[in-house]
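Structure, as structure tokens:
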Amino acid sequence: MEKILKELNEAQKEAVTHIDGPLLILAGAGSGKTKTLTTRLAYLISNGIPPSSTLTLTFTNKAALEMRNRALSMIGSVPYPPLLCTFHKFGLLFLKFHIDKIGRKNSFVIIDTNDKKRIIKSIDEELPPSSVASEISRYKNSLISPQVALERAEQVVYKKIAQIYKKYEEYTKENNLVDFDDLLALTYKILSEHQDIKEEISERYQFIMVDEYQDTNELQYKILKLIAEPRNNLCVVGDDDQSIYGWRGANIKNILEFEKQFKDVKIIKLEYNYRSTQKILNAANNLIAHNRNRLGKTLKATKEEGEEVKILHSQNESAEAASIAKRIKELINKGVYYNQIAVLYRINALSRSLEEGLNRENIPYKMVGGVKFYERAEVKDLIAYLRVVMNPNDDFSLKRIINKPKRGVGKVAMNKLENAAFENKSSIYQILQNRDLLKKLVTKKAYEHLTKFSDDLEELREKADEASYYLLEELERRFKLREFYASLPEAYEKIANIEEFMGYYQDYLKSNTQSSLEDFLNEISLESDQDQISDDSVCIMSVHASKGLEFDYLFVIGLEEGFFPLIGEGTDIEEERRLGYVAITRAKKELTLSYVDSRFFRGKRSNLTKSRFLKETGLIKGSLNLEKSTPYKKGDLVKHKIFGIGRVLSVSKVKREFKLKINFGGTHRDILANYVERI
DNA sequence: TGGGTCACGGTTTTT
DNA sequence: CCGTGACCCA
């Protein structure tokens, strides 16, 4: 342990060796946050604290995994390992033991956001399901019941949402479904209503640590408050300057007011940055200094001065992509590896032009983020099949697969089945087994399909236990899923995903011999892609997706007003600035900030001005001209979709747009600048 | 029921 | 511009 402590700087050491009492570690980007946290865990254990009485909470599985590996490498293997998991996993474990306290069975099924939207849509057709879903999330995270929501609602829309919320809660209870918010909300409910359970948990976890504390929401804070307060040993790590999830409920106040919310808080700032060059840190510090709502700290460089931060100015997105591709090629020729290079953007839509540019130069790249493996339709279908095998009365999953492959069950038949199930107070599966009734309900063809379907399922269920390893293959064989997906668009990819899932399932069974199918299903519902960035390709991703990562050579594109900062309804400019800060601090050696004069977005081209953030970093001097400027001048060659290629004769201003007089092979036309592209 | 066509709307993302 | 979903007809 002594040796390990020697590797830390003073502030880190102070944080690691602080044992009792609440501790707030303000850890700037690249300041050795994970190292400090994992070392502290090891330190506690080496000081005689039983590993099993510690609890370390993270937001992502990736972070949990990394911390676990690092901590275990320091402490070695122990019979009762420390609990180190995501907040939601903690909720899941808790509910498995205690959900019966609120009259529910622990065989619940976890539903994801898409499932949630589907349920909402089946309740209400008018309001956009995603808005309703996030509104319900907000209620749950503020512990507002449907009744209270209804009472408080003043506008008609909110009354309606409250009613949907009520029905949604009834539906999920009825079908024993638990959504992501419930994992926390129900945990809180049980903890707050059952003093004995709360005491038991507080007693068990006497030392609690939380990573990325700036991302906690109200509910997470309340849970922590309940279980940590008796012992008052709560150590949180975070960076208020990297709070970028306000829009999904993260409450930056949790970190800003931590000192007030717990007694005798000690605050330690980690300000030495071990990642970036001084020049890069200067840009980051300058930018974030423009925020008012912060605790305030300045990153100090430990690395060399480094090269100047580069500003790349291009006419449009294709020129931008071409320049970046060219620059990447140069780096590769100098011996840099692709995976030390990344390109970041504020919105995913900007990836397209970038991808085109990289493809043109045959630069291998990997898009981090995007559609998650377990969210892909075909994978979710398989999961639904497994869920039905496990519990045929899971109507929700059954509905997903009843017509996959097509069994002639459309909207009409589905309605009949659901109504029959409702009237008989049974599950849909039970209706399928009631052959006399089923025959009356659906067409002859559908009847034949459905009887075969339920017979197959029944046989599979009998076999499920003894041959779980072959379950998926058997499933595939009986329901001809491969054949079904082969007939759909993007068949190759879908089948590859199915095979990957099958492989994953068998691996899981191999390494978790004592686990049940149920365990497997619960496990994966909380898992997203574990993106490995190890293969040799350039990483391209949103700034959000880049959090926690670092790259030697970094490009940030789209630094234009409106795009970054992204201006829209409810823009929080300080959060945008924090995003800029996160983006910049991902760079280790070389940073290029890029902006364009004109960008094609959502089917139209618009003229843009450079982002205010460029000036705020201190990289561009002078006041920023927010007035739109034309990227065109007399003599430029341009291309029009219909008229083809022409040469600009003159530029004039009409309202806020620029009008160009263009010579298309002898014919002169007046055209707005937005409708042409520079070549 | 299900294939085909058209209109519409479209940040950021983890669990 | 591109993907999703509603709606219509065979």
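Predicted model, so just to flag it, every value in this text is computed and none were measured.
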**Prompt:** To the nearest Å, how far apart are A:Phe90 CZ and B:dT14 P?
**Reply:** 23 Å
**Item:** Any donor-acceptor pair under 3.5 Å from A:Asp182 side chain to A:Leu186 backbone
**Value:** no
**Request:** Let me know the distance between NZ of A:Lys117 and P of C:dT4, rounded to the nearest Å.
**Result:** 12 Å
**Request:** Give A:Gly603 one of three labels, base, sugar-phosphate or nothing, depending on what nucleic acid heavy atoms sit under 4.0 Å from its own.
**Result:** base
**Message:** Can you see whether A:Ser598 engages A:Arg605 through a side-chain donor-acceptor pair at a distance of less than 3.5 angstrom?
**Reply:** yes
**Asked** Is any side-chain N of the basic residue among A:Lys610 and A:Asp597 closer than 4.0 Å to the acidic one's carboxylate O?
**Response** no
**Prompt:** Any N or O donor-acceptor pair linking the side chain of A:Thr86 to the base of B:dT14 at under 3.5 Å?
**Reply:** no
**Fill in**
Winner on side-chain proximity to A:Ile347, out of B:dG3, B:dT11, B:dT14, is B:dT11
**Message:** Between A:Lys121 and C:dT4, is there a contact of a side-chain N or O with OP1 or OP2 at under 4.0 Å?
**Reply:** no
**Asked** Within this structure, what is the CD1-to-C1' distance between A:Ile244 and B:dT11, rounded to whole angstrom?
**Response** 13 Å
**Message:** Heavy atoms only, 4.0 Å cut-off, all strands: where does A:Glu212 land among base, sugar-phosphate and nothing?
**Reply:** nothing
**Prompt:** Of all the nucleotides listed (B:dT13, B:dG2, B:dT15), which has the minimum atom distance to the side chain of A:Lys406?
**Reply:** B:dG2
**Message:** From CG of A:Asp115 over to C1' of B:dT14, roughly how many Å is that when rounded to an integer?
**Reply:** 15 Å
**Message:** Whole angstroms only, please: what is the CZ-C1' distance between A:Phe59 and B:dT12?
**Reply:** 16 Å
**Message:** Looking only at the side chains, is there a donor atom on one of A:Glu218 and A:Asn141 sitting less than 3.5 Å from an acceptor on the other?
**Reply:** no
**Request:** Look at all strands and tell whether A:Gln220 reaches a base, only sugar-phosphate, or nothing, counting heavy atoms closer than 4.0 Å.
**Result:** nothing
**Request:** Remember a base hit wins even if backbone is also touched, and classify A:Phe601 as base, sugar-phosphate or nothing at under 4.0 Å, heavy atoms.
**Result:** nothing
**Message:** Classify A:Gly408 by what it touches in the nucleic acid, base, sugar-phosphate, or nothing, heavy-atom distance under 4.0 Å.
**Reply:** sugar-phosphate
**Prompt:** So, is A:Thr443 near the phosphate of B:dT1, with a side-chain N or O under 4.0 Å from OP1 or OP2?
**Reply:** no
**Message:** Just to be sure I understand the rule, does A:Arg346 reach a base, reach only the sugar-phosphate, or reach nothing, if contact means heavy atoms closer than 4.0 Å?
**Reply:** base
**Sugar-phosphate only, base, or nothing, as touched by A:Asp181 at under 4.0 Å among non-hydrogen atoms** = nothing
**Request:** Identify whether any heavy atom of A:Val412 sits under 4.0 Å from a base atom; if not, whether one sits that close to sugar-phosphate; answer base, sugar-phosphate or nothing.
**Result:** sugar-phosphate
**Request:** Could you check how far NZ of A:Lys411 sits from P of C:dG5, rounded to whole Å?
**Result:** 13 Å
**Fill in**
Between CD of A:Glu356 and P of C:dC2 the distance, given in whole Å, is 9 Å
**Message:** Check A:Glu320 with A:Arg599, please: is the shortest side-chain N to carboxylate O separation under 4.0 Å?
**Reply:** yes
**Item:** pi-stack flag for A:Trp247 and B:dT12, centroid dist under 5.5 Å, interplanar under 30°
**Value:** yes
**Prompt:** Is it true that atom NZ of A:Lys445 has more than 12 heavy atoms of other residues, nucleotides or ligands lying nearer than 6.0 Å?
**Reply:** no
**Asked** Just checking A:Ala413: base, sugar-phosphate only, or nothing, at a heavy-atom cut-off of under 4.0 Å?
**Response** sugar-phosphate
**Prompt:** Within less than 4.0 Å of OP1 or OP2 of B:dT11, is there a side-chain N or O belonging to A:Arg602?
**Reply:** yes
**Message:** Nearest whole Å is fine: how far is B:dT15 C1' from A:Asn141 CG?
**Reply:** 11 Å
**Prompt:** A:Phe479 versus A:Phe453: any side-chain heavy-atom pair under 4.5 Å?
**Reply:** yes
**Request:** Establish, with yes or no, whether the OP1 or OP2 oxygen of B:dT11 is under 4.0 angstrom from a side-chain nitrogen or oxygen of A:Asn348.
**Result:** no
**Message:** On the nucleotide B:dT1, are OP1 or OP2 found under 4.0 Å from the side-chain N or O atoms that A:Asn403 carries?
**Reply:** no
**Asked** With a non-hydrogen cut-off below 4.0 angstrom, is A:Ser525 in contact with a base, only sugar-phosphate, or nothing?
**Response** nothing
**Asked** Choosing from C:dC1, B:dT12, B:dG3, which nucleotide comes nearest the side chain of A:Phe600?
**Response** C:dC1
